[in-house]
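Scroll down for the structure; my scribbles are underneath it.
Just so you know, residue 1 is the first one in the sequence shown, and it goes up from there. In what follows, every heavy atom counts, from backbone to side chain, and hydrogens, waters and symmetry copies are set aside. Just follow the structure's listing: the first ligand is 1, and inside any ligand the first atom is 1.
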Amino acid sequence: MEISNVHAVVTGAARGLGWHFALELLRAGAGVAAGDIDVAGLRKLKLAAEDLPGTLMVSALDVADERAVAAFVDQAWSRLGKLNTLINNAGILRDGLLVRREAGGAGKLPSSQWSKVLEVNLTGPFLMAREFAARVLDEQVREAVIINISSLARAGNPGQANYAASKAGLDAATRTWAQELAPSGIRVAGVAPGVIDTPILEGVSDEALAALKAAIPVGRLGQPREVWLAVKFILECDFFNGRTLEVDGGAVMG
Ligand code: NAD
């Protein structure tokens, strides 16, 4: 697919990787429907994109809310015309150990902390992909792509069982949907970034960040543009399907 022909939904576009994906697409003349729970961030995106050639629509979106997802895809379709790309990028961290020693007895990971991450990182992409793919079929769009943003942590990482499970689950969904949808002209692929310099790292201590860096053979964090290059490759290579590209400087977690 030519990037200039892309009409994309990008979730989690108010900052970080999604923000970069949206701006890169707009720079190439594509259409973008940017959704996020952070409406102030979406307003900033609108300003940042003012002089770019592509068409941008921004709207509040909680990817874990079934009705909101249907309304967003509907709105995007009427504002941008036929969509052919979905970038399932919105994601959150709520790190914690399963149990930990505390003075009064074992502390347990709250189940709300477990479910919230699965709701946003796994159910969200499911709801988005379902709504998007149904519409692509209904409107007989000839070729379309779904890109799921996974993570290096899918292999397992202490303190991140909820996150790792959500991203490993998303990879399983990528492989499954790729097989289900390719005959209908929809490719599905993923990108698994390593540690990338975005605001998601704001809560990570300097000490933890140094340890993360030390585990990256290239000796630095990745930049959002380097993840975009993987997204661009998937969009452009029509034979790429059902796989997840790792962009992690050669790092290994777990
Ligand atoms: P980020 O925190 O900077 O941005 C995430 C965006 O998602 C935010 O704008 C946030 O408001 C939005 N969001 C959160 N919950 C949402 C919801 N329910 N509905 C809609 N939007 C929601 O994070 P990032 O680093 O840009 O990460 C983007 C994706 O890349 C995530 O899926 C993340 O898991 C993945 N990832 C990031 C890294 C990294 O090191 N930055 C590494 C591997 C994977």
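Near ligand 1, residues Gly12, Ala14, Arg15, Gly16, Leu17, Asp36, Ile37, Asp38, Leu61, Asp62, Val63, Asn89, Ala90, Gly91, Ile92, Val120, Ile149, Ser150, Ser151, Tyr163, Lys167, Pro193, Gly194, Val195, Ile196, Thr198, Pro199, Ile200 come within 4.0 angstrom through at least one heavy atom.
Under a 4.0 Å N-O distance rule, the pair Arg175/Glu180 does not qualify as a salt bridge. For the pair Asp38 and Arg15, the salt-bridge criterion is not met [side-chain N within less than 4.0 Å of a carboxylate O]. Salt bridge present: Glu24 and Arg225 bring a charged side-chain N and a carboxylate O closer than 4.0 Å. Salt bridge status for Glu102 with Lys108: absent, with no side-chain N to carboxylate O gap under 4.0 Å.
Residues meeting the salt bridge (charged side-chain N to carboxylate O under 4.0 Å, His left out) test with Glu236, sequence neighbours left out: Lys232.
The side-chain contact (heavy atoms from CB on, under 4.5 Å) with Lys167 is formed by just one residue from the set Asn148, Val117, Asn121, Leu122; it is Asn121.
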